[in-house]
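Worksheet: one structure, shown below.
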4 protein chains.
Amino acid sequence: MPTKKKPQVTASPERRRELLDTAAEVFAAQGYNATTVRKIADHAGMLAGSLYYHFDSKESMLEEILRTFLDELWHGYDSVLDSRLGPRETLEALVTESFREIDRHRAAVAIYQKESKHLAVQERFEFLAASQRKFEKAWLSTLERGVAAEVFRADLDIRLTYRFVRDTVWVAASWYRPGGQHSPEEIARQYLSMVLDGIAVRVTQP
Amino acid sequence: MPTKKKPQVTASPERRRELLDTAAEVFAAQGYNATTVRKIADHAGMLAGSLYYHFDSKESMLEEILRTFLDELWHGYDSVLDSRLGPRETLEALVTESFREIDRHRAAVAIYQKESKHLAVQERFEFLAASQRKFEKAWLSTLERGVAAEVFRADLDIRLTYRFVRDTVWVAASWYRPGGQHSPEEIARQYLSMVLDGIAVRVTQP
Amino acid sequence: MPTKKKPQVTASPERRRELLDTAAEVFAAQGYNATTVRKIADHAGMLAGSLYYHFDSKESMLEEILRTFLDELWHGYDSVLDSRLGPRETLEALVTESFREIDRHRAAVAIYQKESKHLAVQERFEFLAASQRKFEKAWLSTLERGVAAEVFRADLDIRLTYRFVRDTVWVAASWYRPGGQHSPEEIARQYLSMVLDGIAVRVTQP
Amino acid sequence: MPTKKKPQVTASPERRRELLDTAAEVFAAQGYNATTVRKIADHAGMLAGSLYYHFDSKESMLEEILRTFLDELWHGYDSVLDSRLGPRETLEALVTESFREIDRHRAAVAIYQKESKHLAVQERFEFLAASQRKFEKAWLSTLERGVAAEVFRADLDIRLTYRFVRDTVWVAASWYRPGGQHSPEEIARQYLSMVLDGIAVRVTQP
DNA sequence: GATGAATGAGTGTTCATTCAT
DNA sequence: AATGAATGAACACTCATTCAT
């Protein structure tokens with residue numbers, strides 16, 4: 001009794017990619033639940049059933065979209081974290097890297113924002129929770145290092161600060177459009193400027 | 001325009017409130033689309049069909065939840081805007097008011113965050129788009145006044161700043177739990193401190 | 001978070017019975033796999049979806065049909081086995097009881113005949129395998145007792161004999177029609193006569 | 001009548017045979033309806049679509065399997081019937097021939113057992129009904145001859161006896177495994193002994 | 001001879017909604 | 001006010017079948 005099921009992962013990975021990109025776009029625009037496989041198929045110019053030649057299920061498309069995104073994201077994050085920069089430089093690099101990911105995976109990020117919270121409880125999406133924990137650890141330790149090194153303020157609740165920075169960055173995926181007037185690096189620069197120095201004009205000490 | 005069928009607005013408005021609160025809680029927890037009428041009815045201790053004595057559709061429950069929330073929100077915002085404070089004080093008051101609303105309408109805010117974008121295109125939810133426009137106008141003018149008065153930095157893109165402040169505040173509804181260790185006012189104070197002065201330690205001029 | 005799912009088992013058990021009888025009839029006539037829930041619903045005068053108010057799934061209908069049948073069957077068998085008759089009388093009583101069950105549960109028996117073999121491997125239908133084992137034990141021990149008591153022939157392979165008797169009886173469900181010219185007891189009598197004494201004329205010893 | 005599309009009956013008939021044997025095995029194990037074309041192709045080490053080079057439909061595979069089996073079966077039966085044996089010898093020869101066919105076409109017999117009843121109503125499978133009629137005629141006349149010749153008992157319902165013998169033999173295909181401890185001839189011998197003389201010990205006349 | 005990709009009809013199931021009681 | 005039972009449209013998914021390569 002050989003074989004499991006579909007070729008899966010087999011054959012042209014470009015077609016898979018194309019279809020996943022289409023799916024991600026629709027998921028991001030309408031929400032995962034509100035997206036029917038027919039809508040995805042329509043956008044891809046095929047019939048609903050044909051998608052099942054390439055993927056096991058609607059859910060497996062979602063999983064692959066999110067997994068691919070997180071894999072790339074952590075590739076970038078890890079190389080930042082491994083280069084052992086100072087806390088402020090680490091924060092700057094992480095934020096910049098985040099905006100680059102938003103630029104490259106806007107749809108996936110938007111899906112992640114909207115759906116990850118209620119998905120993470122499912123076993124299949126355990127990797128979302130794992131990523132979230134790793135994320136939190138990286139950020140908290142960076143902030144703590146910064147406070148210890150007296151480059152970040154000590155008078156702020158550190159978890160609150162973590163949430164503030166985290167949300168502030170990722171929520172940008174909901175309005176960001178690639179190819180707009182600002183490059184990801186430019187947006188990152190302005191965000192960092194706000195987050196680090198605030199939007200108020202500084203009163204210069206006499 | 002007599003109501004077609006259901007009594008609607010029948011009898012005790014308290015029961016309506018109760019049911020809407022229940023519904024809002026479930027919508028917030030699971031997402032509007034993923035929430036079945038039966039789940040709401042379960043939480044309310046009744047059968048799915050019975051809800052239709054009180055409301056004429058699932059969508060009308062959603063509408064009433066959001067409308068009620070926005071009405072109260074704008075009541076608060078308008079009284080801030082009408083009191084003609086300076087730009088910085090206006091910003092502080094708006095943010096504080098926002099956290100108070102999150103405290104009182106956590107579920108509604110979470111729903112609003114997650115669903116308003118794709119709802120706003122429907123005619124029925126035009127009021128969401130209208131509110132968003134009004135919101136944008138209020139914030140942009142406050143920021144512009146602040147830049148003009150030299151209390152806010154002039155070197156930042158003002159629309160980017162608007163989005164930054166807006167998202168930063170509302171996204172807090174996704175993690176905020178009423179009755180936690182921080183009061184809404186305390187959270188507002190810390191957020192304002194971060195937004196206005198940044199998280200970096202200021203280098204004191206010699 | 002209360003409630004599991006459907007009322008299930010709740011409400012009028014007569015309606016359930018009615019619907020299960022209808023389903024059993026269709027399953028028996030067309031085979032379980034070839035039976036669509038729409039066909040069942042048609043026979044019941046309702047829409048396919050409406051069946052799901054009463055049952056979780058097509059499979060759960062099948063399970064309930066088979067379980068109910070086997071429960072009743074074993075009720076009859078056990079009272080035979082408990083009365084500690086001699087082997088020949090036990091065999092006669094079991095066969096007679098079987099034809100009575102075929103008379104009362106013709107559809108269920110036919111389904112059992114056709115589907116039990118490939119169903120029994122599924123965990124959900126483990127009770128089929130269990131019943132089959134219990135069945136085999138009862139029959140084998142009766143036959144062995146009979147051989148020991150010299151009322152059954154000793155020159156036959158006992159397992160082959162078991163299969164012969166077992167199949168011979170149950171397969172009758174495929175042609176039996178309740179209300180035909182023979183009562184179940186009459187059919188049992190003739191079957192027993194064939195099984196016990198054979199169809200050949202006896203050559204009287206001189 | 002030129003073949004519409006496919007070459008059909010192309011090239012090596014051995015490959016056809018191989019594939020049909022594979023298909024028969026899967027049909028027998030899982031049931032015709034529950035067997036997907038992909039499962040057959042898996043077992044044959046090819047893709048589902050490739051089967052359509054050899055056959056023009058799943059149903060035509062089934063037809064060919066059953067037709068081949070019945071052709072061979074009737075070849076054997078006819079030579080028995082043509083040799084004009086006495087009724088008892090005819091019965092013995094038919095039963096023995098049947099077990100030989102079960103041995104050689106176990107899968108086809110099992111399929112025939114399970115599916116023929118509901119297939120026979122389709123025009124395409126009219127040959128099943130025809131075979132059944134021919135079968136019935138052969139058996140009934142043999143039994144009647146036996147009763148007339150006083151070698152079979154006259155006190156039994158003859159149609160009941162027919163069904164008894166028929167079912168008793170064919171149902172063995174559901175448990176028979178070629179290459180087991182009993183040869184088909186040995187099984188036939190034991191079955192005949194039971195059917196003709198019964199399983200009860202004869203009370204010897206003093 | 002066989003593959004890869006697609007089709008389209010159908011399948012079991014879900015769910016918002018209705019309505020007589 | 002609420003229930004029990006049903007509706008009907010939609011949904012994710014399956015599968016026999018086709019066909020260009």
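Chain identifiers are assigned alphabetically (A, B, ...) following the order of the sequence lines, protein sequences preceding nucleic acid strands; residue numbering begins at 1 within each chain. Predicted model only: the values in this text are computed from it and were never measured.
Both C/G49 and D/E59 sit near DNA chain F, but only C/G49 has its closest nucleotide nearer the 5' end. The residue among A/A48 and B/G45 whose nearest nucleotide of DNA chain F lies closer to the 5′ end is B/G45. Between A/L19 and B/V37, the residue anchored closer to the 5' end of DNA chain E is A/L19, taking for each the nucleotide with the nearest heavy atom.
At the phosphate of F/dA16, neither OP1 nor OP2 sits under 4.0 Å from any side-chain N or O atom of D/S57. Considering only side-chain N and O atoms, B/Y53 lies nowhere under 4.0 angstrom from the phosphate OP1 or OP2 of F/dA2. Residue C/Y52 places at least one side-chain N or O closer than 4.0 Å to OP1 or OP2 of E/dT13. Within the 4.0 Å cut-off from OP1 or OP2 of E/dG1, not a single side-chain nitrogen or oxygen of D/R16 is found. Side-chain N/O atoms of A/H54 include one lying less than 4.0 angstrom from OP1 or OP2 on E/dA6.
With a cut-off of 3.5 Å on both pairing distances, the Watson-Crick or G-U wobble partner of F/dA16 is E/dT7. Look at F/dT21: its Watson-Crick or wobble partner, with both distances under 3.5 angstrom, is E/dA2.
Considering only side-chain atoms of D/L47, the nucleotide from E/dA16, E/dT13, E/dT3 that sits closest is E/dT3. Closest approach to the A/K58 side chain among E/dT3, F/dC13, F/dT17 is made by F/dC13 (side chain taken as heavy atoms from C-beta onward). Looking at the side chain of A/R15, the nearest of the listed nucleotides E/dA6, F/dT7, F/dA16 is E/dA6.
Residue A/T36 is classed as a sugar-phosphate contact, given heavy-atom separations below 4.0 Å to backbone atoms only.
Judged by distance alone with a 3.5 Å cut-off, a donor-acceptor contact links the side chain of C/R38 to the base of E/dG12.
One interatomic measurement links the two molecules: CG of B/D56 to P of E/dT18, which rounds to 8 Å at whole-angstrom precision.
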